[in-house]
Amino acid sequence: MLEVLSSRCSPLAPAPTLDSSLSQLRVLRLSVTDRCNFRCRYCMPPEGVPQCKHDDLPSLKNLAKYVKWLINHTSIDSVRLTGGEPLVRRGIESLITELSAIPTLREVTLTTNGSLLSQTASVLKAAGLTRVNISLDSLNEDRFALVTRGGKLSQTLAGIRAAQAAGLTPIKINSVLHRSTWEQDVPELLDFAAANQFEVRFIELMRTGTERNWCDSEFISVDEVCAQLDTQVLCLPRTGNERSPAQRTLMTWRGANVRVGWISPRSHPFCNSCERLRMDARGSLRRCLMDPATFDLPRLLRNTDGEAVGDALKRYIDRKLPPQMMDSVTTMSQIGG
């Protein structure tokens, strides 16, 4: 039975103690590049960040090899391609084809800003991509250009339409909450989601990179947003295959039912249920978005017996601790989001 929440109730519960192990890992967030054609303020400074040299980036063939090794040594059954912006990596469809052929891999998905999807959606679908999450913080052209530092809303909207037409569904819209603009942006995004039967996911702003003071000034919790929307929210139970950190809800919005996910890393950390492992653009593994300690998988696989690498990975994951603060000096584009 669905739990009925009033507009004054939190859709989220406190997180218990972290339980980390290789057997808990289900999702690999695989960064295929640290480059991006946007400069979103919460992701990187306006001048960008130092980028990997081309020779430091693993080939797509090697990325597929690393993924296969991880699948054989963990319980990972879902790969999400990220960046930077993953669609600026040439030949990404060949990686998707190789990954989607792995028998034990349940899905290959992609998170994108959508600006290049209008040219690539059908190719990605044919290669075996399951679905896409598309970042969209505002439906107002000026606010969109401001937060992306020059991105064109029309390109992202065209990408969303192309993803729909190609069958890269269900489409989820990812929107980062900003205190100064949420009252304009959230209702418009809910209207957009209702009209197109999308799920929209509202994400709390985290302190990353060079913009931590701005992130603090613009932070607003999902509880505060949910309370001020003044509408009925129903918690949806998690399905057996669900891998999202979002608390999924069904919202009654202007006469329509809209699926809304609330992602609250700062107000309600979900470390206890984290099933993610990240691989950055250099191929190093990261057990947590906020943890600077990495695991150099490419180097170890070159120089060490595979089973010994598996033991070392287990020790690395077992030492994972919940971050004391959701705060990182490393930018999202460098981590892999």
Side-chain angles (χ1 to χ4, degrees), residues 2-16 40-43 111 133-140 142-144 146-148 172-194 198-209 211-238 242 244-274 289-290 322-328 332 337:
L2 298 180
E3 178 187 355
V4 181
L5 299 170
S6 75
S7 63
R8 295 294 174 185
C9 291
S10 165
L12 301 159
C40 295
R41 187 162 186 181
Y42 48 76
C43 188
T111 294
N133 287 13
I134 300 172
S135 299
L136 179 64
D137 293 337
S138 179
L139 286 162
N140 176 279
D142 292 335
R143 291 196 295 273
F144 183 91
L146 187 64
V147 74
T148 60
K172 295 181 181 179
I173 302 298
N174 290 344
S175 181
V176 177
L177 295 167
H178 300 86
R179 178 170 291 278
S180 62
T181 60
W182 81 266
E183 290 178 281
Q184 295 80 42
D185 290 326
V186 168
E188 292 175 3
L189 287 163
L190 287 170
D191 289 339
F192 181 68
F198 296 148
E199 179 176 325
V200 60
R201 310 193 319 164
F202 295 117
I203 306 168
E204 288 180 348
L205 192 58
M206 290 181 283
R207 305 182 195 93
T208 59
E211 299 280 350
R212 292 195 297 284
N213 290 335
W214 174 81
C215 289
D216 278 340
S217 68
E218 284 287 348
F219 173 77
I220 185 168
S221 72
V222 297
D223 289 340
E224 189 174 345
V225 171
C226 187
Q228 293 189 47
L229 286 174
D230 192 28
T231 187
Q232 187 181 68
V233 179
L234 308 175
C235 273
L236 295 174
R238 290 184 177 272
E242 189 171 346
S244 171
Q247 171 60 65
R248 296 177 66 246
T249 63
L250 188 66
M251 177 181 290
T252 303
W253 177 254
R254 296 177 180 172
N257 288 330
V258 184
R259 291 183 180 269
V260 181
W262 306 89
I263 301 179
S264 57
R266 288 181 63 176
S267 66
H268 298 280
F270 37 81
C271 297
N272 66 295
S273 59
C274 180
L289 193 62
M290 299 298 161
Q324 293 183 339
M325 295 180 65
M326 299 303 289
D327 191 336
S328 173
M332 285 288 189

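Everything quoted here is computed from the prediction, not taken from an experiment. Numbering of residues begins at 1 and proceeds along the displayed sequence. Reckoned from all heavy atoms, side chains included, excluding hydrogens, waters and symmetry mates.
Looking at D185 and S138, their side chains do bring a donor and an acceptor atom within 3.5 Å of each other. There is a side-chain donor-acceptor pair under 3.5 Å between S180 and E218. In summary, the side chains of S221 and E204 do not present any donor paired with an acceptor at a separation below 3.5 Å, with no hydrogens or angles considered.
Between the side chain of T231 and the main chain of T252, a donor-acceptor pair closer than 3.5 Å is present. No side-chain donor-acceptor contact under 3.5 Å links S264 to the backbone of V222.
Put simply, the side chain of Q247 reaches to within 4.5 Å of the side chain of C235, judged on heavy atoms. The closest side-chain heavy-atom distance from R266 to R207 is below 4.5 Å. Between Q232 and L234 the shortest side-chain heavy-atom distance falls below 4.5 Å.
Residue L205 holds its CG atom at 8.5 Å from OG of S217, rounded to the nearest 0.5 Å. Atoms CG and OG1, from N133 and T111 in turn, are 4.5 Å apart once rounded to the nearest 0.5 Å. Of the inter-residue distances, the one linking I173 atom CD1 with E199 atom CD reads 10.0 Å to the nearest 0.5 angstrom.
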Discussion item. Could you walk me through whether F219 and L177 satisfy the side-chain contact (heavy atoms from CB on, under 4.5 Å) test, starting with their C-alpha distance in whole Å, then the side-chain angles of each, then the deciding distance to 0.1 Å, before giving a yes or no?
Written reply: CA-CA 7 Å; F219 173 77; L177 295 167; over 6 Å; no
Item to complete: Kindly indicate, with the supporting measurements, whether the criterion side-chain contact (heavy atoms from CB on, under 4.5 Å) is fulfilled by R41 and H178.
Response: CA-CA 11 Å; R41 187 162 186 181; H178 300 86; over 6 Å; no
Worksheet item: side-chain hydrogen bond (donor to acceptor under 3.5 Å, both in side chains) between W262 and D223: does it pass, once the steps are laid out?
Response: CA-CA 9 Å; W262 306 89; D223 289 340; over 6 Å; no
Fill in: CA sep, side-chain torsions, deciding dist, call: L139, L189, side-chain contact (heavy atoms from CB on, under 4.5 Å)
CA-CA 7 Å; L139 286 162; L189 287 163; 4.0 Å; yes
Practice prompt. Before giving the answer on side-chain contact (heavy atoms from CB on, under 4.5 Å), spell out for L190 and F202 the whole-Å C-alpha distance, their side-chain angles and the decisive distance to 0.1 Å.
Written response: CA-CA 10 Å; L190 287 170; F202 295 117; 4.0 Å; yes
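Of all non-hydrogen atoms in P187 and R254, the two that sit nearest each other are CB-NH2, 4.1 Å. Among all heavy-atom pairs drawn from L289 and M206, the shortest one is CD2-CE, 3.6 Å. Scanning all heavy atoms of the two residues, the minimum distance from G261 to A246 falls at CA-CB, 4.0 Å. Minimum heavy-atom separation, P269 to P265: CG-O, 3.5 Å. Among all heavy-atom pairs drawn from L229 and M251, the shortest one is CD1-CE, 3.8 Å.
Here the options are N174, I203, V176, the test is side-chain contact (heavy atoms from CB on, under 4.5 Å), and the partner is D137; only V176 passes.
The 12-atom threshold is not exceeded at CZ of R259, counting heavy atoms of other residues, nucleotides or ligands nearer than 6.0 Å.
In this view, F192 and F198 satisfy the ring-ring contact (aromatic ring centres under 6.0 Å, His included) rule, not counting sequence neighbours.
In summary, R179 and D216 do not engage in a salt bridge, as defined by a charged side-chain N under 4.0 Å from a carboxylate O.
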